[in-house]
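What follows is a single structure, written as structure tokens, with notes after it.
Order of listing sets the numbers, starting from 1, for every ligand and every atom in it.
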Amino acid sequence: MGSTEQQPPETLLSVAAKITEYAQQLTKELEAGKVTPVTLEADSPIKYESLPGNSFFIRQQLEDALKDMYILSQGPSESTFNYCHTAVPDIATLNVLNQFDFWNAVPLDGTATHEQVAKHTNLPVEVVQRTLDHAVTMRYFARPEPTSTSVKHTSRSAALAKDSGLKALVQMVLDETSPPMMLLPEALRQFAVGKTETSRSQKETAFRLCHSGGIWGNYDNTWEFIENDGEGEKRGWRQRNFIKFMAYIKDLFKTESIVLDAIDWKAAGEATVVDLGGSAGHDDISLAKAYPNLKIVVQDLPQVAPVFEKEFPADLKSRVSFRTHNLFDPQPISADIYILKWILHDWPDVESTAILKALVPALKPGARVVFIDYVGKNDPNEDASLPHSMRAFGTATDMRMMALFNAKERPISAWKDIFKQADERYEVSSVKADPLTFMCVLEATWRG
Ligand SMILES: C[S@@+](CC[C@H](N)C(=O)[O-])C[C@H]1O[C@@H](n2cnc3c(N)ncnc32)[C@H](O)[C@@H]1O
């Protein structure tokens, strides 16, 4: 139970005091952990190498206070006006900088003129200048002097020049998922108004409205789009980017240990493992290295195959192979363990259960499904005690799932139900969840 004591309303000075307090606490934690500080300059580290002790939580509290300060300093109306005015131009500008690789048009330790950036990006000088004019307001690049017609890097733009994974993330989130999200109100007008139930149909998503012909092509869902967009050699370029994005996310959320600790892999012995929708096998590198007895087959869509063949470590290929397989087709490999990591949260219940049902023909008694996914929504009591900025990780993903797939982020209990709905012979033998990482690991054993 929270305190019933009435808190006085926040003011500019009360929030400023919180900001100072959190900034001091964060500095102390980072210093104690000997973490190199970041700056706004190009030679800054591109991120905090670690967030020791309580620093992650303090950082999120600081973010909440900064957002309150934005509202209090501008007022309720103008903070909304200013947000609406800049939010979409900010997104469009970052997307342009990223798509046309402004990042590598400017040397990390020098400057580049508008003409030099235009040459690198293959865009007209006027477009370059106008894009950079807005970019510097977001602290992507800076002018050496206020009237310069050249730019230098800031820490933010330099991070994108140095880290191709971050670049892949911007591509995926802004270029692939944002356009459908802008059509969410239209999708709700067409498919939700006046209904008591939310549509779960793939034919009634904002994504479908955005991709039902015209320049965005005709695709049922994001996977079809990223797999097939592009002509000739360019085809699959979005999937190739997505593979980089997923590998980056793995490092960002440090999920390697989640996979390695998911079950007792050593006790599994000489097991055959299938990593369903495993992308180009980034999770399987550490798994195969740590457990030399495992034989792993990575399954994913066709455009992923050449990336696996080119990039997967050659010395592990005798034990880790790739096989093109559609999640909805009957599973051809009778394995001991199936990994399903970050797959089902992209799909509504009908498709999620269909994916689990498609495994059934291959399942032998005792076979296990190791399910690792995102718990976008915790128990409401648990969620209420978290900073808004932490809850927003889950709620933002949830809104994205609504727009793209008519899917939704689920609490742990719903994941158990999905297995039950798919087939009563799946016995959920263990569930581990961590509300701070938003990840859950569930093990289901086939009792067929
Ligand atoms: C969110 S990613 C997860 C990748 C990986 N399991 C991980 O945790 O990093 C979802 C993956 O499912 C794959 N996928 C989507 N639809 C599929 C389908 N119908 N059949 C096979 N794979 C599919 C995508 O290509 C993508 O690699």
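- Here E186 pairs with R189, Q190 under the side chain to side chain donor-acceptor pair (under 3.5 Å) rule; sequence neighbours left out.
- Within 4.0 Å of ligand 1, counting heavy atoms only, the contacting residues are W223, Q239, F242, M246, G277, G278, S279, H282, D283, D300, L301, H325, N326, L327, F328, K341, W342, I343, D346, W347.
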N/O donor-acceptor pairs under 3.5 Å from side chains in residues 266-289, not counting sequence neighbours:
| residue | atom | partner | partner atom | Å |
| --- | --- | --- | --- | --- |
| D283 | OD1 | K341 | NZ | 3.4 |
| D283 | OD2 | K341 | NZ | 2.8 |

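- At least one side-chain heavy atom of F322 sits under 4.5 Å from a side-chain heavy atom of E309.
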Contacts under 3.5 angstrom, residues 236-249 side chains, donor-acceptor by atom type, not counting sequence neighbours:
| residue | atom | partner | partner atom | Å |
| --- | --- | --- | --- | --- |
| W237 | NE1 | D229 | OD2 | 3.3 |
| R238 | NE | D229 | OD2 | 2.7 |
| R238 | NH1 | D175 | OD2 | 2.9 |
| R238 | NH1 | E176 | OE2 | 2.7 |
| R238 | NH2 | D175 | OD2 | 3.4 |
| Q239 | NE2 | E227 | OE1 | 2.8 |
| R240 | NH1 | R235 | O | 3.1 |
| R240 | NH2 | E233 | O | 3.1 |
| R240 | NH2 | K234 | O | 3.4 |
| R240 | NH2 | R235 | O | 3.2 |
| N241 | ND2 | A168 | O | 3.1 |

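- Residues Y338 and W446 place their aromatic rings such that the two centres sit no closer than 6.0 Å.
- Taking 4.0 Å as the cut-off between side-chain N and carboxylate O, R410 and D349 count as a salt-bridged pair.
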